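So that the names make sense, note that chain A is the first sequence line, chain B the second, and so on, each numbered from 1. Here the structure is a predicted model, which is why all the values come from computation and not from measurement.
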Number of protein chains: 2
Amino acid sequence: MRPGPRRSFTHAEILDAAFDLLETKGFAAVSVRGVAGSLGITPTALYTYYSSKNALLRGMIEHLLARLDLREPGGSDAVEAPDAAAIRRRIVALALRLRELLTAHAGALGLIMSGPLDGPNAMRLNETLLESFTAAGLGLDEAARAAYALQVYALGSIALESADQDADPEAAAPVDGLFPDASGTALWTDLATFPLSSRTAHVAAQHNSTDQFVWGLERLLDGLVPSA
Amino acid sequence: MRPGPRRSFTHAEILDAAFDLLETKGFAAVSVRGVAGSLGITPTALYTYYSSKNALLRGMIEHLLARLDLREPGGSDAVEAPDAAAIRRRIVALALRLRELLTAHAGALGLIMSGPLDGPNAMRLNETLLESFTAAGLGLDEAARAAYALQVYALGSIALESADQDADPEAAAPVDGLFPDASGTALWTDLATFPLSSRTAHVAAQHNSTDQFVWGLERLLDGLVPSA
DNA sequence: ACCTGAACACCGTTCAAGT
DNA sequence: ACCTGAACACCGTTCAAGT
């Protein structure tokens with residue numbers, strides 16, 4: 001009586017189990033075997049719900065983006081004739097919520113890199129950005145380019161932050177020398193040969209901060225939104 | 001007589017073999033066993049050269065960045081008093097070369113995400129950007145933020161492109177329904193519910209193009225470099 | 001339709017042992 | 001120092017079989 005259609009799971013239950021694993025044990029633990037095991041079924045049974053591990057990861061992205069609040073911060077009826085400044089605030093707030101959402105789950109970046117962002121909720125996000133940029137006075141084609149550039153900046157920023165965070169301080173260099181094949185520039189990493197980098201080390205140390213994220217985002221918006 | 005110090009490899013030889021695997025068989029083939037096998041040694045012998053797979057991948061990034069030409073396009077003595085426009089051209093050209101370098105090798109994105117960009121050649125790139133931005137009139141702290149924002153944009157752009165490229169068209173959705181847990185917005189992906197997205201589909205189709213890359217980069221530079 | 005159990009062809013990493 | 005061979009604890013995926 002062990003095999004057979006005893007009970008089944010909803011996709012939401014499976015994805016919840018997957019996110020439990022992601023948060024408690026990291027991205028590497030989100031395996032077909034791991035998720036199946038935490039549900040109490042065999043790995044092959046999971047293939048009934050998702051045809052591959054990649055399909056599972058894509059489902060997780062959608063699950064995450066479904067929780068992204070797309071509304072404007074001040075309420076839906078507060079702005080009647082939105083000026084460029086208000087639209088910028090809306091976009092920045094949305095980008096910040098996206099960043100919070102993705103950095104809250106360790107390894108969420110791995111999810112995004114597993115395939116294109118073309119699920120319904122990803123499109124909902126894109127549509128919202130298009131609305132904002134057209135409301136700011138951009139033409140449709142320009143708004144499409146602007147929305148893509150903004151997503152590039154936001155996701156790139158999160159990607160670099162997460163790459164910095166799982167820094168392995170002891171395994172930074174090969175066993176003995178320091179990158180012996182650096183094309184003859186500097187066999188030994190000498191900070192003195194990078195004067196500007198060493199003088200801005202205090203800024204670099206804060207690269208993965210909300211401040212730096214917003215600063216770059218505002219500069220990008222300076223170029224994207226014409227008037228402001 | 002099999003084991004023992006018969007011959008040894010240089011780090012460059014090992015990395016060349018790893019890049020051969022990356023280009024011919026993709027990122028998944030760049031395994032400790034795979035690289036060792038193509039060199040004719042056992043996996044454990046590779047741990048003599050690199051203490052972990054991560055160290056190997058970091059070595060590959062440096063190997064790649066060592067080939068990045070950092071000089072200005074027009075020659076080193078052509079510009080005497082570089083104006084803002086010339087500096088912008090230099091930065092755009094550098095970003096384009098970085099993009100070409102990383103997109104030329106399938107899966108190079110996976111390398112960058114494997115850890116922070118802190119090797120000597122990564123610092124050489126950062127130093128060059130700092131020089132350009134300070135030459136454009138930015139203060140040191142602002143230049144550091146600008147250099148980081150530019151790298152965020154460039155790497156994010158390449159990341160999204162590569163995510164789009166290995167699109168698995170048949171495994172886009174779960175087995176039966178289309179993302180059944182999309183939080184009640186739309187159970188079936190209906191393009192009519194995303195009017196702006198559908199009207200800009202022709203632009204979205206060209207997102208991974210040099211044009212789109214440069215357009216967004218120029219908008220970012222509009223915000224970063226004050227005068228131009 | 002949903003599930004099990006066995007199997008295939010892989011992983012990264014460690015350990016004891018050889019020269 | 002550099003290397004082998006065996007082993008540990010894993011992977012994604014497929015296939016035949018059960019209810």
Here the gap from B:L220 atom CG to A:L221 atom CG, rounded to the nearest 0.5 Å, amounts to 10.0 Å
For A:E100, the side-chain hydrogen bond (donor to acceptor under 3.5 Å, both in side chains) test, sequence neighbours excluded, returns none
N/O to N/O distances under 3.5 Å, protein versus nucleotides 9-13 of chain D:
from, atom 1, to, atom 2, distance (Å)
D:dC11, OP1, A:S31, OG, 3.1
D:dC11, N4, A:R33, NH2, 3.4
D:dG12, OP1, A:V32, N, 3.3
D:dG12, OP1, A:K53, NZ, 3.0
D:dG12, OP2, A:V32, N, 3.0
D:dG12, N7, A:R33, NH1, 2.4
D:dG12, O6, A:R33, NH1, 3.2
D:dG12, O6, A:R33, NH2, 3.4
D:dT13, OP2, A:Y47, OH, 2.8
D:dT13, OP2, A:K53, N, 2.8
D:dT13, O5', A:Y47, OH, 3.2

One should read off an interatomic distance between A:L125 CG and A:L130 CG, to the nearest 0.5 angstrom, of 9.5 Å
B:L46 atom CG is separated from D:dT4 atom P, nearest whole Å, by 10 Å
Query raised in the report: Do the side-chain N or O atoms of B:Y49 get closer than 4.0 angstrom to the phosphate oxygens (OP1, OP2) of D:dA1?
Result: no
Those residues at least two apart in sequence (or on a different chain) that pass side chain to side chain contact (heavy atoms under 4.5 Å, CB included) with A:A122 are A:E62, A:L65, A:L117
Euclidean distance for P, D:dA9 against C:dA9 (whole angstrom)
23 Å
Residues passing the ring-ring contact (aromatic ring centres under 6.0 Å, His included) test with A:F133, sequence neighbours excluded, are none
Output for pair (B:L39 CG, B:Y49 OH), nearest 0.5 Å, gives 8.5 Å
Within less than 4.0 Å of OP1 or OP2 of D:dT4, is there a side-chain N or O belonging to B:T42? yes
Residues passing the side-chain hydrogen bond (donor to acceptor under 3.5 Å, both in side chains) test with A:S209, sequence neighbours excluded, are none
Parsed dot-bracket for DNA chain D after applying the Watson-Crick and G-U rules with both distances under 3.5 Å and | for other-strand partners is ||.|||||...|||||.||
One should read off an interatomic distance between B:I112 CD1 and B:M60 CE, to the nearest 0.5 angstrom, of 11.5 Å
